[in-house]
Amino acid sequence: MKAVIWLASVLCVLTGTVFGANQANTETCVVPAHGNGEDDSPAIKAAFESCGSNGHIIFAENNTYSIQQVLQLHNLSNVQIDLRGTLLNISIALELSGDHITVDGHNTGVIDGQGQVWYDLALGVGGLFGRPIPFSLRNARNSIARNFAIRQSGKWNFVIIESRNITVDNIKLTAHSDDYQANPGNLGNTDGFDTLYSDDVRISNSYVDAGDDCVSFKPGSTNIHVKNLTCVQTAGIAVGSLGQYQGQFDLLKHSRNGAYIKTYNGKSVYYPPQGGGNGTGLVRNVRKSIK
Ligand SMILES: *[C@@H]1O[C@H](CO)[C@@H](O)[C@H](O)[C@H]1NC(C)=O
Ligand SMILES: *[C@@H]1O[C@H](CO)[C@@H](O)[C@H](O)[C@H]1NC(C)=O
Ligand SMILES: *[C@@H]1O[C@H](CO)[C@@H](O)[C@H](O)[C@H]1NC(C)=O
Ligand SMILES: *[C@@H]1O[C@H](CO)[C@@H](O)[C@H](O)[C@H]1NC(C)=O
Ligand SMILES: *[C@@H]1O[C@H](CO)[C@@H](O)[C@H](O)[C@H]1NC(C)=O
Ligand SMILES: *[C@@H]1O[C@H](CO)[C@@H](O)[C@H](O)[C@H]1NC(C)=O
C-alpha cells in the first residue's frame, strides 16, 4: 500500500489484493468520517462511484459515519464492502443493487437507526409512513451480507427484494423501545428479515430481538432457507402477508422451519406496505424441522 491519492473526498489506495472468486478488486476506497455529526453521505457516494466496480470499500473500525440522505448505491459489481465502523442516523436507509456484492462487518460493523423517535411517533399509528429501512438488497445477485449488526431500526431491519442467490450469515438485529413495558405495542413493523420477490436466499447463524416478525417471507419469496436463526421477543416466523396487494396472487414454496401464516382479509384498509388486503394467495410445501 504505497501510493495514496486523494480523489474527491475519498482515500484511494491501489492494491493487488484479490477478493472473491472472480476478479481482483484492484481499487480500495477508505471512506473518511467527519465524526462530528456532519453528513458523511457525499463521501460514501464518492467511494461507491470510485470503487463500486471491482473495488474494495472500507468503513474503518471505530469510525462513526453520520448518514443524512437515503443512499441508493446501484449498479455495483464485484465489490467488497468492509463495514467495520458504525453508520448512524434516524433516517438511515442503505440500498445496495448489483452483482457480486459482499458486505462484511467483521463483527465490529453496526448500522444504528436510532429508532426511538420512530417508535414514539408510531405509537398507536399502525402504518406510519416514512419510517426508514436501514439495510436493503434490491435487485442484487450473487451477493453476501455477513458479520454485522443493525440496532434500533426505525422500521423493518433487513430487506431482500427482487434479488437472487443471496447469503446472509451472522447478522444480529436488535430493537428495543425505552418504554416497551409501558407501551408494548410501539415496536410494530420492526421485522427482522423480510424477503420479497426473491429467489435462493440463505439466512444462517443470525439473531433477531426486534419486536415484530423474526423473518417474514413476503410475496414472491422462493427457495428461502433459514438455518440457526435465534428469535427472541419476536412475533415469530411469518409467511406473508399474503393477499396484501389487491389484484395480485401470492405464491410461496420450498420453505423450511417453523412458520405462521399471515393473511389479510377481503377488506382493503390503507395501502401496502402500511396496510392492504383483498388480494389472494397460496402457501404450499412448507416443512417444519425441529432438532
Ligand atoms: C477500536 O476500539 C477498541 C476499543 O477501544 C480497541 O480495542 C481497538 O483496538 C480499536 N481498533 C482500531 C482499529 O483502532
Ligand atoms: C441525523 O440526520 C438529521 C437530518 O436528517 C440531522 O439533523 C441529525 O443531526 C443527524 N444525527 C446524527 C446523530 O448524525
Ligand atoms: C452499470 O455499470 C456498467 C459498467 O460496470 C455500465 O456499462 C452501465 O452503463 C452502468 N449502468 C448504469 C445504469 O449506470
Ligand atoms: C451464488 O453467489 C455466490 C457468492 O457470490 C457465488 O460464489 C456463487 O457462484 C453463486 N451461485 C450461482 C449458482 O451463481
Ligand atoms: C448459531 O448462530 C450463533 C450466532 O447467532 C452462533 O454463535 C452459533 O455458533 C451457531 N450455531 C451453530 C451450531 O452453528
Ligand atoms: C376487491 O378487489 C376486487 C378486484 O380484485 C374489487 O373488484 C373489489 O371491489 C374489492 N373489494 C373490496 C371490498 O375492496
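For clarity, every value in this text was computed on a predicted model and none was experimentally measured. Both counts, for ligands and for their atoms, begin at 1 and track the order of listing.
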Of all protein heavy atoms, the one nearest atom 7 (O) of ligand 2 is Gln68 OE1, 4.7 Å
min-distance protein heavy atom vs atom 13 (C) of ligand 1 -> Glu61 OE1, 3.7 Å
request  = Keeping the roles fixed (side chain from Gln152, backbone from His176), state whether a donor-acceptor pair exists under 3.5 Å.
outcome  = yes
Closest to atom 8 (C) of ligand 4 by heavy-atom distance, out of Asn165, Asn142, Thr167, is Asn165
When Asp200, Asp199, Asn165 are each screened for side-chain hydrogen bond (donor to acceptor under 3.5 Å, both in side chains) with Asn223, the one that passes is Asp199
(message) Checking the N or O distance criterion of under 3.5 Å, is ligand 4 in contact with Arg202?
(response) no
re atom 1 (C) of ligand 2, the protein heavy-atom contact at minimum distance is Asn89 ND2, 1.7 Å
Next on the checklist: Please report whether atom 11 (N) of ligand 2 has a protein non-hydrogen atom at a separation of less than 4.0 Å.
Outcome noted: yes
If you scan protein heavy atoms around atom 6 (C) of ligand 1, the nearest is Asn62 ND2, 4.2 Å
Do Asn157 and Asp194 get their side chains close enough for a donor-acceptor pair, meaning under 3.5 Å?
no
Phe59 and Tyr65 aromatic ring geometry - parallel, tilted or perpendicular at 30°/60° bounds:
perpendicular
One finds that the ligand 2 atoms under 4.0 Å from a non-hydrogen atom of Ser66 are 12 (C), 14 (O)
Ligand 2 to Ser91, heavy atom cutoff 4.0 Å, flagged ligand atoms 5 (O)
Validation row: Phe193, Ser216 side chains within 4.5 angstrom (heavy atoms): no
Open item on the list: Are any of the N/O atoms on Ser143, whether in the backbone or the side chain, positioned under 3.5 angstrom from an N/O atom of ligand 4?
Closed with: no
- Message: I'd like to check Arg138 versus Ile161 (side-chain heavy atoms, cut-off strictly below 4.5 Å). Are they in contact?
- Response: yes
Smallest heavy-atom separation, Gln69 atom then Ser41 atom, equals N-OG, 3.5 Å
